[in-house]
2 protein chains.
Amino acid sequence: MRYDRSQLFKSAFVYLITTQSPNKTMKEVVPVSCSLCNKSSISSFKDLSEEEIGKLSQSKTCSFFKKGQILMHEGARAAGVFCIHSGKTKLYRMGTEGREQIIRFAQGGELVGYRSVLSGEPLSASIEALSDTHACFIPKALFFDFIQTNPKFSLEMMRLACHELGEAGKLITNLAQKSVRERVAEVLMILKDTFGETEEGYIDVSLTREEIASMVGTVTETAIRILSEFKESGIVILKGRKIQIVQPKELLRIAQIFD
Amino acid sequence: MRYDRSQLFKSAFVYLITTQSPNKTMKEVVPVSCSLCNKSSISSFKDLSEEEIGKLSQSKTCSFFKKGQILMHEGARAAGVFCIHSGKTKLYRMGTEGREQIIRFAQGGELVGYRSVLSGEPLSASIEALSDTHACFIPKALFFDFIQTNPKFSLEMMRLACHELGEAGKLITNLAQKSVRERVAEVLMILKDTFGETEEGYIDVSLTREEIASMVGTVTETAIRILSEFKESGIVILKGRKIQIVQPKELLRIAQIFD
DNA sequence: CCTAGAGAATGACATTCGTCAACTTAGAAG
DNA sequence: CTTCTAAGTTGACGAATGTCATTCTCTAGG
């Protein structure tokens, strides 16, 4: 059964979702067709054919998650993967005594849940929206279909998984060998690299001190103390949850990063 | 160009490598043909066709590594993968100040180096023989050939990478949240699960205290102190590098493992 | 079987970090 | 805009763990 390309164009209108908030008007655009999605060029789906993108458009389900909502639950079986369209999410595991451990972040254009789908194991982490998030759900069956019929896509997914495995190794070494102070310094640099900076120079993500602590693997109080110390030394500027890195080189030195 | 199956049988003799040591005579058998290798049923190569196994046999290079020798160097580009035939190896990264961090172990039937080959990145860890090791080198090109032409094998590799990614997540959470004492207890159970026990009931691997410390992410002295404490409590029996777990339940309790 | 050198063990001490408690501040929801 | 609750901050203290020094012991290799 061949995919009818005319369908693609017939349905190629665009949803406009408008959220009103007191001070600003935010417009979020989620295209119905994946071929019009500006994320498709940066996501792992860049290797799909037009025909496959068409299938994707037909089978996907777009969802909206408010800040704090859970996209997927640790321990559950993933019925498919999410492609994050806009917004920021965190992936975290529950450790001993209910303490949350942030494993990584995912944002626009990135896939989440693929690890569970590909390994056939339950989800090893929960996924929670850090800000209002639009994400498209792609059923497991279609995902596997692409993997089995499109070697380029399959290789790209493998590349992604293996890359993350390397990153995990780095994180393991850091957690095992560096002091909390070193890790806080490193995490600040990682956050800047991951989320970039706003016009005013702040790291473009809003995390609680507890969340920063649960990236580093420490308690809230210690994270606060170290951040305050960096502030006193003039290394960072803190304005509530907004963090600006003033002396990146000093942070790299503290974090023992030389390369 | 079709692979000539008769070649397979012509070359299906077996190398016998005999190592003499004072007290015992050890015989290691490395088949020239992978089809005769008893590891092929447990390794990721189980999904290869007879024809592909034939190609494998022709292209592979069998090597022998003495205890302490390096199979692959962190930071180098992997020219292929190793399939461990016999022996035990450790994969480790160099952390700050040259401290070694053990990421995982690999032994008979397991593949190493595939992460680097599949992601196209330099090796994220060095691989060192913990005991005398026979391993077969499979060139990158052939490995990719299998991946691109055999979807089953490709999926199996993906499953493997994604499974390891999940394990890495667990390790990250443990390192970040558990105390050193808890981690030592857990590592002992992991070692037992990974390497099994000898007839006398000892964990079937010989690690230095420093190596145990570098799994846990602590210094040698602390590892020694905690092991001694476990010994005093009658939880383990220590005979040099030989470790016997006497009270596994107690270790699980200390490690805060409840499932 | 022997021996050098690495590994193991232990004590004393310094430092980091987690815990508990008290108090202040800011951000999300109405 | 207000208000209430969760988040942030700070101090005091103790436990866990790293560091340094010393001595003992085992193991690999001849």
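Sequence lines set the chain letters: A, B, ... in the order given, protein chains first and strands last, and positions in each chain run from 1.
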### Query
Would A:Glu164 and A:Arg104 pass as an ion pair if we require N to O under 4.0 Å?
yes

### Query
So what does A:Lys67 touch, heavy atoms closer than 4.0 Å: a base, only the sugar-phosphate, or nothing?
sugar-phosphate

### Task
Indicate whether OP1 or OP2 belonging to D:dC26 is found under 4.0 Å from a side-chain N or O atom of B:Lys239.
no

### Query
Residues in salt bridge (charged side-chain N to carboxylate O under 4.0 Å, His left out) with B:Arg183, at least two apart?
none

### Task
Find the distance A:Ile254:CD1 to C:dT16:P and express it as a whole number of Å.
13 Å

### B:Leu130 CG to D:dT27 P, straight-line distance once rounded to whole Å
16 Å

### Message
Can you see whether A:Phe105 has A:Lys90 sitting over its ring - NZ or CZ less than 6.0 Å from the centre and within 45° of the normal?
### Response
no

### Task
Measure the angle between the two terminal helix axes of the helix from C:dC1-D:dG30 to C:dG30-D:dC1, five base pairs each, and quote it to 10°.
80°

#### Entry: Sequence-distant partners of A:Lys67, salt bridge (charged side-chain N to carboxylate O under 4.0 Å, His left out), two or more places apart
none

### side-chain contact (heavy atoms from CB on, under 4.5 Å) between A:Ile254 and A:Ile235, worked out
CA-CA 11 Å; A:Ile254 293 172; A:Ile235 298 171; 3.7 Å; yes

### Message
Tell me the interatomic distance from B:Lys66, atom NZ, to D:dT27, atom C1', rounded to whole angstroms.
### Response
15 Å

### Message
With a sphere of 6.0 Å drawn around CD of A:Glu210, does it hold more than 12 non-hydrogen atoms of other residues, nucleotides or ligands?
### Response
no

### Message
In this structure, how many angstroms lie between the C1' atom of C:dT19 and the CZ atom of A:Arg99, rounded?
### Response
12 Å

### Task
Sorted by first residue and then second, give each side-chain hydrogen bond (donor to acceptor under 3.5 Å, both in side chains) pair with at least one member in residues 227-241 of chain B; sequence neighbours left out.
B:Arg181-B:Glu229

### Query
How long is the line joining CD of B:Gln177 and P of C:dT19, in whole Å?
11 Å

### Query
Which residue pairs pass the salt bridge (Lys or Arg N to Asp or Glu O under 4.0 Å) test when at least one of the two sits in residues 247-257 of chain B, sequence neighbours left out?
B:Glu250-B:Arg253

Can you pull every protein N or O that's under 3.5 Å from an N or O on nucleotides 8-17 of chain D?
unit_1, atom_1, unit_2, atom_2, d
D:dG8, OP1, A:Arg209, N, 2.9
D:dG8, OP1, A:Arg241, NE, 3.4
D:dG8, OP2, A:Arg209, N, 3.0
D:dT9, OP2, A:Arg209, NE, 2.8
D:dT10, OP2, A:Ser228, OG, 3.3
D:dG11, N7, A:Arg225, NH1, 2.9
D:dG11, O6, A:Arg225, NH2, 3.1
D:dA12, N6, A:Arg225, NH2, 3.4
D:dT17, OP1, B:Val180, N, 2.7

